**Student:** 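Attaching a single structure in structure tokens format; questions to follow.
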Amino acid sequence: MDALEQTSAARTDYNQFASDNYAGICPQAWQAMQSANTGFVSSYGDDPWTERACQQLRQVFETDCQVFFVFNGTAANSLALASLCRSYHSVICHELAHVETDECGAPEFFSNGTKILHVPGENGKFDLAEVERAITRRSDIHYPRPRVLSLTQATEVGTVYTPDEIRAASALARQYGLRVQMDGARFANAVASLNVHPADITWRVGVDVLCLGGAKNGMAVGEAVLFFNRELAEEFDYRCKQAGQLASKMRFISAPWIGMLEEGTWLKNARHANDCAELLERNLVGIAGVRVMYPRQANSVFIELPEKVAAGLRAAGWHFYSFIGSGGARFMCSWQTTSEDVQQLTAAIRSAVAGC
Ligand SMILES: *Cc1c(COP(=O)(O)O)cnc(C)c1O
């Protein structure tokens with residue numbers, strides 16, 4: 001059995017659209033990690049795999065950025081934000097942003113008190129007028145000074161910011177002396193969805209720092225932090241070490257990136273996950289009593305389901321999240337989701353609806 005067959009076989013008895021991090025490690029990442037498992041190699045990132053992974057990221061992003069590898073997205077976001085702020089500063093983000101709702105205060109903790117200010121906006125994207133209001137609301141010494149605009153790409157509700165939207169947000173941020181950080185836990189899905197060069201939605205439109213997701217894209221562990229503005233990376237290595245985010249056997253975190261990037265596996269995985277979500281959306285719009293909540297642009301579909309239907313679906317063994325509002329269910333696709341999975345879920349939803 002090859003690696004893909006093994007992961008697929010292990011999956012078949014578990015019906016889930018809960019998260020893309022329920023998926024296994026994709027074969028390319030797995031094989032790249034295995035190929036780094038040769039003898040003694042120097043530690044803490046001073047190795048040929050880490051060097052090559054950094055070079056490949058620079059090629060993919062078409063710029064000479066500074067690259068760091070950390071274990072997870074919470075660390076990537078928190079340390080990146082901490083490096084852009086002083087303790088009395090604030091970070092502006094959407095009210096559903098992961099840094100606000102799902103990181104247990106880590107950005108505030110690692111920055112020694114920087115405050116997160118959240119603003120509303122439709123479809124998971126912040127409204128620029130609200131951002132400007134948050135920036136200009138106060139200028140006195142009693143208010144935490146806005147210093148960073150943080151945006152999530154793709155967003156927490158599966159939409160994507162267009163290059164023009166990012167450019168406008170960055171321009172506004174610049175106008176008030178703010179820096180721009182991007183939480184790219186699902187950045188690959190956004191690139192695949194927009195069909196753009198990675199640079200076109202990052203440094204070319206004013207993003208200073210990108211936290212690039214690896215785990216949800218098909219790796220075991222590991223996210224990359226890319227500083228397009230190299231000056232902002234000063235002493236970031238110390239921050240990583242102090243936070244317990246410097247891997248001693250770094251080659252096993254960095255080598256999988258080589259497997260993901262060469263031959264475009266990261267984008268193939270993302271495109272596949274997006275296509276599965278698109279198929280699911282197409283199936284669901286035809287079912288009475290089911291309403292798709294947000295424009296489906298990446299690898300998730302959010303639907304409004306009556307409580308009884310959701311309960312029926314869970315009773316039938318399906319796993320999914322419903323944490324956004326009452327009745328909202330999130331179905332997330334990954335590199336490992338198959339169109340057969342999508343068809344089975346569709347049938348299960350259809351019969352749960354019929355049974356109520
Ligand atoms: C999953 C995710 C992260 C990272 O979460 P970790 O569990 O810390 O790796 C960051 N941002 C968003 C939007 C995510 O969905």
Side-chain angles (χ1 to χ4, degrees), residues 1-38 49-50 52-57 59-61 67 69-73 76 153-154 158 184-193 195 198 210-226 247 249-280 298-301 319 331-342 344-345:
M1 241 196 249
D2 70 12
L4 181 58
E5 283 169 8
Q6 272 174 21
T7 43
S8 304
R11 196 213 57 222
T12 46
D13 59 347
Y14 197 86
N15 292 329
Q16 76 83 29
F17 279 75
S19 183
D20 28 10
N21 58 24
Y22 277 43
I25 305 168
C26 73
Q28 294 85 349
W30 182 257
Q31 270 142 30
M33 194 191 275
Q34 191 165 21
S35 68
N37 194 23
T38 52
W49 288 278
T50 303
R52 201 164 135 217
C54 291
Q55 282 304 344
Q56 269 181 327
L57 282 166
Q59 265 172 27
V60 164
F61 281 84
V67 180
F69 297 104
V70 297
F71 290 107
N72 63 27
Q153 179 77 320
R186 298 191 180 91
F187 183 79
N189 302 92
V191 172
S193 170
N195 201 18
L210 169 69
C211 298
L212 177 62
K216 287 169 181 156
N217 192 220
M219 289 171 48
V221 61
E223 319 273 297
V225 183
L226 275 59
K249 292 189 178 179
M250 180 74 87
R251 61 177 148 146
F252 299 111
I253 302 280
S254 55
W257 281 101
I258 299 170
M260 296 301 283
L261 295 171
E262 71 186 8
E263 296 172 25
T265 295
W266 72 303
L267 293 180
K268 281 182 213 153
N269 283 359
R271 207 166 290 123
H272 172 81
N274 291 359
D275 288 348
C276 286
E278 186 182 7
L279 174 63
L280 178 60
N299 56 325
S300 58
V301 183
H319 298 257
F331 296 94
M332 183 69 76
C333 302
S334 71
W335 70 270
Q336 207 172 13
T337 307
T338 63
S339 52
E340 202 171 292
D341 293 333
V342 173
Q344 282 174 12
L345 173 66

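Since the model is a prediction, treat every value here as computed from it, not as a measurement.
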**Student:** Do the ring planes of F331 and F17 sit parallel (below 30°), tilted (30 to 60°) or perpendicular (above 60°)?
**Tutor:**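 Rings of F331 and F17: perpendicular, over 60°.
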**Student:** Between N189 and A298, which heavy-atom pair has the shortest distance, and what is it?
**Tutor:**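 That would be CB-CB, 4.1 Å.
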**Student:** Tell me whether N299 contacts the main-chain N or O of A277 through its side chain, where contact means a donor paired with an acceptor under 3.5 Å.
**Tutor:**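 No, because the side chain of N299 does not come within donor-acceptor range (under 3.5 Å) of the backbone of A277.
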**Student:** Would you name the heavy atoms of A192 and A270 that are closest together and state the gap between them?
**Tutor:**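 Answer, listing the atom of A192 first, then A270: CB-CB, 4.0 Å.
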**Student:** Determine whether a donor-acceptor pair (N or O, by modelled atom type, separation under 3.5 Å) exists between the side chain of N269 and the backbone of W335.
**Tutor:**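 Absent.
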**Student:** Taking it one step at a time, do L212 and F61 satisfy side chain to side chain contact (heavy atoms under 4.5 Å, CB included)?
**Tutor:** CA-CA 11 Å; L212 177 62; F61 281 84; 4.0 Å; yes
**Student:** Provide the closest heavy-atom pair for A255 versus A32 in the form atom of the first, atom of the second, distance.
**Tutor:**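 Nearest pair, atom of A255 first, then A32: O-CB, 3.4 Å.
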**Student:** Under 3.5 Å, side chain of H272 to main-chain N/O of T337, donor-acceptor pair present?
**Tutor:**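 Flag set: sc H272 to bb T337 pair under 3.5 Å.
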**Student:** Ignoring hydrogens, what is the shortest heavy-atom contact between E223 and A215? Give both atom names and the distance.
**Tutor:**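 Closest heavy-atom pair between E223 and A215: OE2-N, 3.3 Å.
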**Student:** When rounded to the nearest 0.5 angstrom, what is the spacing between CG in D20 and CZ in R186?
**Tutor:**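 Answer rounded to 0.5 Å: 4.0 Å.
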**Student:** Would you say W257 and R52 make side-chain contact, with heavy atoms under 4.5 Å?
**Tutor:**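 W257 does not reach R52 side chain to side chain.
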**Student:** Hey, could you give me the CG/CH2 distance between L57 and W266, rounded to the nearest 0.5 Å?
**Tutor:**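 Separation between the atoms: 8.0 Å.
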**Student:** Is it true that a side-chain atom of D341 and a backbone atom of T338 form a donor plus acceptor pair closer than 3.5 Å?
**Tutor:**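 It does hold such a pair.
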**Student:** Can you tell me how far CD of Q28 sits from CE of M219, rounded to the nearest 0.5 angstrom?
**Tutor:**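 Interatomic distance, M219 CE to Q28 CD, rounded to 0.5 Å: 12.5 Å.
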**Student:** Taking S19's backbone N and O only, do any of them form a donor-acceptor pair with Q16's side chain (distance below 3.5 Å, no angle check)?
**Tutor:**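 Yes: the side chain of Q16 pairs with the backbone of S19.
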**Student:** Using a 4.5 Å cut-off on heavy atoms from C-beta on, say whether the side chain of M332 contacts that of Y22.
**Tutor:**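 Side-chain contact under 4.5 Å: no.
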**Student:** For a 4.5 angstrom cut-off between non-hydrogen side-chain atoms, does F187 reach N217?
**Tutor:**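 With C-beta onward as the side chain, the pair stays apart.
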**Student:** Could you state the interatomic distance from OG (S339) to CG (L280), rounded to the nearest 0.5 Å?
**Tutor:**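 Nearest 0.5 Å value for the OG-CG distance: 11.5 Å.
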**Student:** What distance separates C276 SG from L345 CG, expressed to the nearest 0.5 Å?
**Tutor:**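 CG of L345 is found 11.0 Å from SG of C276.
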**Student:** For V70 and I253, work out which heavy atoms get closest and say how close.
**Tutor:**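 The pair with the smallest heavy-atom distance is O-CG2, 4.3 Å.
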**Student:** Nearest 0.5 Å, please: how far is OG in S193 from CG in L267?
**Tutor:**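 Reported to 0.5 Å precision, the distance equals 12.0 Å.
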**Student:** Of all heavy-atom pairs between A220 and I25, which one has the smallest distance, and what is that distance?
**Tutor:**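 Scanning both residues completely, I find the closest heavy atoms to be CB-CD1, 3.5 Å.
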**Student:** The test is side chain to side chain contact (heavy atoms under 4.5 Å, CB included); show your working for N37 and M33 and say whether it passes.
**Tutor:** CA-CA 7 Å; N37 194 23; M33 194 191 275; over 6 Å; no
